[in-house]
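Input: a single structure, listed below in structure tokens.
Just the heavy atoms: all of them, side chains too, but no hydrogens, waters or symmetry mates, feed the values below. Proteins get letters first, then strands, A, B, ... in listed order; numbering begins at 1 in each.
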Amino acid sequence: MPRPAIPPAAWRPALLEWYAHEARDLPWRRPEFSDRYGAWGTLVSEFMLQQTPVTRVIPHLEAWLARWPTPAAQASATPAEVVHQWANLGYPRRALWLHRAAIEVVERHDGVVPRDVEALLALSGIGDYTARAVAVFSYGDRHPVVDTNTRRVIARAVDGRSQPAPPARADLARMSALLPDDDTDAAAFNAAAMELGAVVCTARSPRCEVCPIAASCAWLAAGRPDTGDERRRQARYEGSDRQARGGVLRALRHAPDHRMPADAVLADWPDRMQRDRAIDSLIADGLLEASDGMLLLPR
DNA sequence: TAAGCGTGGAT
DNA sequence: TATCCAAGCTT
């Protein structure tokens with residue numbers, strides 16, 4: 001593996017400068033957002049953004065926070081309410097985990113979203129990315145925030161590879177070594193790396209012609225070679241258990257009172273065993289309840 | 001550690 | 001039309 005020809009210090013200022021002028025105007029970046037919702041707003045937005053695109057999150061975020069503006073408010077909701085409000089954002093277990101995290105914040109932290117990364121990591125549904133995103137973007141602390149965009153930017157700009165390796169613990173240390181010393185600059189650099197990966201250094205059709213760090217990019221300098229792709233591929237969705245689960249939950253979300261006779265749920269699903277398996281697994285996950293031959297969202 | 005977990009827009 | 005991809009987490 002060749003050493004990077006150009007040290008990161010060369011492209012760090014260019015990236016920060018670009019971000020200062022070109023960053024998208026996203027709701028969670030507006031001052032009034034943090035004024036209103038503080039770290040809770042950041043936490044909710046990050047839960048929604050876990051594997052769901054920005055453009056799909058935006059319309060749901062405001063309604064969610066208007067309904068549950070604090071962890072205490074969230075904690076007093078029922079699982080059925082949060083699963084219904086989650087609507088079609090996907091991966092509905094996240095709604096349950098967010099609800100559980102709110103309860104944990106009330107019980108362990110007096111209703112205040114913690115600032116400490118270890119305390120954040122101990123909350124339901126929060127991993128390396130989300131914990132540091134809250135500590136950095138809401139509290140302004142200096143930590144490496146590494147998401148799929150950041151990994152791709154480092155893979156290309158520093159390593160000269162076309163796609164990043166699968167996520168690894170070492171990613172945190174690598175990003176840490178790139179961070180500016182100043183807390184505010186470090187936070188901006190974290191956000192800027194994500195932003196660059198999201199809008200310029202994209203997975204499929206990178207726009208190198210408008211990239212602010214093109215002059216320092218190892219991958220571009222090498223002529224954008226195809227260096228292979230070790231990323232895990234998603235399993236087929238069509239005909240999967242996931243699709244069945246999605247169908248079951250969609251039916252319950254749309255049903256009056258969020259309840260239906262069990263027999264009527266996905267009655268036309270071609271594979272009866274798969275339908276039953278989907279229902280059982282949803283119950284095991286706490287996303288569904290069975291009672292008297294009826295299925296309902298959990299209370 | 002690798003697999004499971006939704007949904008819909010882009011290519 | 002089929003595949004890719006998205007501010008990941010849990011077990």
Considering only the C1' atoms, how many Å lie between C:dA7 and B:dA2, rounded to the nearest integer? 23 Å
note: A:Arg93, atom CZ; B:dG4, atom C1'; distance rounded to Å ~ 6 Å
Contact class for A:Ile126 vs. all strands (heavy atom < 4.0 Å): base, sugar-phosphate, or nothing? sugar-phosphate
Whichever of A:Arg236 and A:Pro53 has the more 5' nearest nucleotide on DNA chain C, that residue is A:Arg236
Q) Base, sugar-phosphate, or nothing for A:Arg24, non-hydrogen atoms under 4.0 angstrom? A) base
Q) Is a donor-acceptor contact shorter than 3.5 angstrom present between the side chain of A:Arg204 and the base of C:dC4? A) yes
Got a donor-acceptor pair under 3.5 Å from the side chain of A:Gln234 to the base of C:dA6? yes
Do A:Asp229 and A:Arg231 sit within salt-bridge range, that is, some charged N less than 4.0 Å from a carboxylate O? yes
From CE of A:Met48 across to P of C:dC9 the rounded distance in Å is 16 Å
Of B:dT7, C:dA7, C:dC5, the nucleotide closest to the side chain of A:Ala203 is C:dC5
*P atoms of C:dT11 and B:dG6, separation to the nearest Å*: 14 Å
Exercise for the section: Give a yes/no answer on whether the side chain of A:Asn88 brings an N or O atom under 4.0 Å of OP1 or OP2 in B:dT7. Expected result: no
- prompt: A:Asp285 near the nucleic acid: base, sugar-phosphate alone, or nothing, with a heavy-atom cut-off under 4.0 Å?
  reply: nothing
note: A:Arg242, atom CZ; B:dG4, atom P; distance rounded to Å ~ 9 Å
Atom CG of A:Leu49 and atom P of B:dG6 are separated, to the nearest Å, by 18 Å
Separation of C:dC5 atom P from A:Arg56 atom CZ, nearest Å, is 17 Å
Item to complete: Considering only NZ, NE, NH1 and NH2 on the basic side and carboxylate oxygens on the acidic side, decide whether A:Asp35 and A:Arg30 come within less than 4.0 Å.
Response: no
_What's A:Pro167 touching, base or sugar-phosphate or nothing? Going by heavy atoms closer than 4.0 Å._
nothing
- [ ] Determine, for A:Arg259 against A:Glu289, whether the closest basic-nitrogen to carboxylate-oxygen distance falls under 4.0 angstrom.
- [x] no
Is A:Thr52 side chain donor-acceptor paired with the B:dG6 base, going by distance under 3.5 Å alone?
yes
Need one value for A:Trp86: base, sugar-phosphate or nothing, where a base atom within 4.0 Å counts as base even if backbone is also close, heavy atoms only.
nothing
Classify A:Arg253 by what it touches in the nucleic acid, base, sugar-phosphate, or nothing, heavy-atom distance under 4.0 Å. sugar-phosphate
The answer to which of A:Arg29 and A:Trp97 contacts DNA chain C further toward the 5' end, by nearest nucleotide, is A:Arg29
Taking for A:Gln243 and for A:Ser205 the nucleotide of DNA chain B with the nearest heavy atom, the one nearer the 5' end belongs to A:Gln243
- Pick base, sugar-phosphate or nothing for A:Leu121, based on heavy-atom distances below 4.0 Å to the nucleic acid. nothing
Of the candidates B:dG6, B:dC5, C:dG8, the side chain of A:Thr148 sits closest to C:dG8
Between CZ of A:Arg232 and P of C:dC9 the distance, given in whole Å, is 13 Å
Atom CZ of A:Arg152 and atom C1' of C:dC4 are separated, to the nearest Å, by 12 Å
Exercise. Can you find a side-chain donor-acceptor pair between A:Gln85 and A:Trp64 that sits under 3.5 Å?
Worked result: no
A:Arg233 has its side chain closest, among C:dA7, C:dC4, C:dG8, to C:dC4
Which part of the nucleic acid, if any, lies within contact of A:Thr202, taking any heavy atom under 4.0 Å across all strands shown: a base, the sugar-phosphate backbone alone, or nothing?
nothing
Any salt bridge linking A:Asp185 with A:Arg12? Criterion: basic side-chain nitrogen under 4.0 Å from a carboxylate oxygen. no
Quiz item: Does a side chain donor of either A:Gln50 or A:Arg94 reach within less than 3.5 Å of an acceptor in the other side chain?
Solution: no
Any side-chain N or O of A:Gln51 less than 4.0 Å from the OP1 or OP2 oxygen of C:dG8?
yes
**Request:** Compare side-chain N and O positions of A:Tyr237 against OP1 and OP2 of B:dT7 and report whether any pair is under 4.0 Å apart.
**Result:** yes
Original post:
Same hydrophobic cluster for A:Ile283 and A:Met294, using side-chain heavy-atom links shorter than 4.5 Å among ILVMFWY?
Top reply: no
- Tell me what A:Thr55 touches on the nucleic acid: a base, only sugar-phosphate, or nothing, going by heavy atoms under 4.0 Å. nothing
Atom CZ of A:Arg94 and atom P of B:dT7 are separated, to the nearest Å, by 10 Å
